[in-house]
Amino acid sequence: MKRPFDPATEIQNYLVFGEFGDVNPSICDSSTYTFLSVAKMEEVFEHELEGCFLYSRHWNPTNRYLADALARMENGAAAQVMASGMAAISTTLLQMCSAGDEIVSGRTIYGGSYALLANLLPRFGITTRFVDLGDAAAVRAALTERTRVLYCESLSNPLLEVADIPALAALAHERGARLVVDNTFSPLLLSPLRLGADVVVHSMTKFINGTSDCVAGCVVAAHDFIAALNDINHGPSMLFGPVLDSIRAASILKNLHSLHIRMARHSANALYLAERLAGLGLPVHYPGLPAHPQHALLNRLMNPGYGCGGILALDVGSKELADRLMLRLQEARVGYLAVSLGYFKTLFSAPGHSTSSEIPAEERARIGMGDGLIRFSVGLDNDIGRTWRTIRGILAELGIGSRE
Ligand code: PLP
């Protein structure tokens, strides 16, 4: 019987040996590579040749190991690693779109991605319509014959709306467009390529690496797409050059092997806190709660065993209260007042004034991202019950929440 797809097993089965049989593959610390014949060098310059490397902006063996593991994890044919999540997103979109083309994007996305689509890409003649992805009629109406890309986040940042990837893929394909999914919030738990997406991007800065010690990104797609990104004459990755350093690629690959344990724990801890915050009558966004509008959808789409993700958002009503709460939580060592996510400790910030501040205030208000909204990336706390008691005490002190 064919075993069901499990992304963590795919990573686990990815075994490579170093030069000396090292269990961690040797790090290739070179920008350039030597050849024993000029003819071979010319051949490699023109085509990709298995096992041959020319120059590290093109490919590096250590980056290749990480890319191969990520392709397996996402059930894609090929992958490319890059120096940041934004590099992965921007090169992907520039590969797919030319001047005059259009993108349709979800309206609740990471602020940097929003700014790229709303402000920078129009300078290159590429325009974006932002829509509510939960409204299929609105998505269909926004897609035109000029649309090349339908863009979404699997779990949106910071409101945690769940993208109906199979339905969005069908809508995009109907119009001849392709679906690009940013899967940063849900590695392992969602496999967008298996659900119909054409390209997956990640900020590996977050859960995939998990130690908040570097910035990195990746793209997973068909072979042709990854080869085109690297084309020496036209490829945005080759020509903009956002190369990941090989020493970082090696450390991310090591961390990738514990991702399944971390995701399960992040999710269990986030669910624990979300249930208790909801129990106090607080407006909490977490797709693992049955009250979340896309709870059933997520259950239908997700791979079992990794929970519903490590991010939750809590609306305390005002910026003033959000600021006081975050400072008190940091003083009490619940976590850090910091942007980013996927770290082993809890991180919290108010998206309206940080990671989503690029989205205009009126738009933030329209999509329900109030000034009192705090995004929590819940850590790997060993005793989440104790963490909750600390949080509950601080909420009571600040008069936030009523019943339990
Ligand atoms: N995508 C999402 C969902 C993010 O949250 C972020 C960063 O916060 C990015 C992409 C950008 O990634 P990076 O900071 O690695 O460039």
Side-chain angles (χ1 to χ4, degrees), residues 66 70 74 79-94 103 105-121 130 133 149 151-163 165 180-190 192 197 199-220 236-237 240-245 248-249 251-252 255-256 263 266 285 287 309-313 336 338-343 347-359 367 369 373-378:
L66 176 59
L70 292 162
E74 286 293 2
Q80 161 97 22
V81 295
M82 297 197 194
S84 70
M86 285 314 297
I89 296 166
S90 55
T91 54
T92 292
L93 295 177
L94 285 168
I103 297 172
S105 168
R107 55 187 190 163
T108 74
I109 55 170
Y110 165 59
S113 307
Y114 184 92
L116 172 74
L117 294 167
N119 308 331
L120 183 58
L121 290 185
F130 294 95
L133 294 180
V149 175
Y151 181 83
C152 70
E153 295 179 358
S154 46
L155 299 180
S156 73
N157 182 1
L159 291 171
L160 302 162
E161 290 168 0
V162 181
I165 296 171
V180 176
V181 179
D182 180 339
N183 201 22
T184 299
F185 274 35
S186 44
L188 302 184
L189 67 107
L190 286 169
V199 180
V200 171
V201 292
H202 278 278
S203 166
M204 297 199 290
T205 314
K206 314 291 165 28
F207 289 105
I208 288 183
N209 186 45
T211 43
S212 287
D213 54 3
C214 74
V215 174
C218 70
V219 183
V220 186
S237 172
F240 290 129
V243 186
L244 180 62
D245 185 79
R248 281 306 185 190
S251 67
I252 297 170
N255 290 353
L256 186 66
M263 283 314 292
H266 281 299
H285 302 254
I311 312 290
L312 64 87
Y336 295 111
V339 296
S340 203
L341 51 114
Y343 187 41
L347 302 177
F348 34 81
S349 56
H353 296 269
S354 58
T355 50
S356 297
S357 57
E358 297 89 340
I359 301 176
I367 62 184
M369 197 193 303
L373 191 80
I374 304 174
R375 183 186 75 188
F376 290 83
S377 168
V378 180

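Numbers for residues simply follow the sequence, beginning at 1. From a predicted model like this one, the values you see are computed outputs, not experimental measurements. First listed ligand is number 1; within each ligand, the first listed atom is number 1.
Between Phe130 and Tyr114, the ring centre distance stays below 6.0 Å.
At a 3.5 angstrom cut-off on N or O pairs, Val215 does not count as close to ligand 1. The distance criterion of under 3.5 Å between nitrogen or oxygen atoms is not met by Ser113 with respect to ligand 1. Looking at Asn157 next to ligand 1, an N or O pair under 3.5 Å apart turns up. Residue Leu341 has no nitrogen or oxygen atom sitting less than 3.5 Å from a nitrogen or oxygen atom of ligand 1, judged on distance alone.
Taking a 4.0 Å cut-off on heavy atoms, Ala216 registers as neighbouring ligand 1. At least one heavy atom of Ile89 sits less than 4.0 Å from an atom of ligand 1.
Listed by number with element, the atoms of ligand 1 under 4.0 angstrom from any heavy atom of Ser84 are 15 (O), 16 (O). For ligand 1, the atoms sitting less than 4.0 Å from at least one non-hydrogen atom of Thr205 are 13 (P), 15 (O), numbered in the order shown with element in parentheses.
Using modelled atom types and a 3.5 Å distance limit, the side chains of Arg248 and Asn209 yield no donor-acceptor pair. Between the side chains of Asn255 and Thr211, at least one donor N or O sits under 3.5 Å from an acceptor N or O. There is no side-chain donor-acceptor pair under 3.5 Å between His285 and Glu161. In summary, the side chains of Ser203 and Thr184 do not present any donor paired with an acceptor at a separation below 3.5 Å, with no hydrogens or angles considered.
The aromatic rings of Phe376 and Phe348 sit tilted, their planes meeting at an angle between 30° and 60°.
Looking only at heavy atoms of the protein, atom 11 (C) of ligand 1 is closest to Tyr110 CE2, 3.6 Å. Distance from atom 3 (C) of ligand 1 to its nearest protein heavy atom, with residue and atom name: Asp182 OD2, 3.5 Å. Closest protein heavy atom to atom 16 (O) of ligand 1: Met86 N, 2.8 Å.
Under a 3.5 Å cut-off, the side chain of Thr205 and the backbone N or O of Ala216 do form a donor-acceptor pair. Between the side chain of Thr92 and the backbone N or O of Ala88, at least one donor-acceptor pair lies under 3.5 Å.
The side chain of Lys206, and not its backbone, has at least one atom closer than 4.0 Å to an atom of ligand 1 (non-hydrogen atoms only; side chain from C-beta on).
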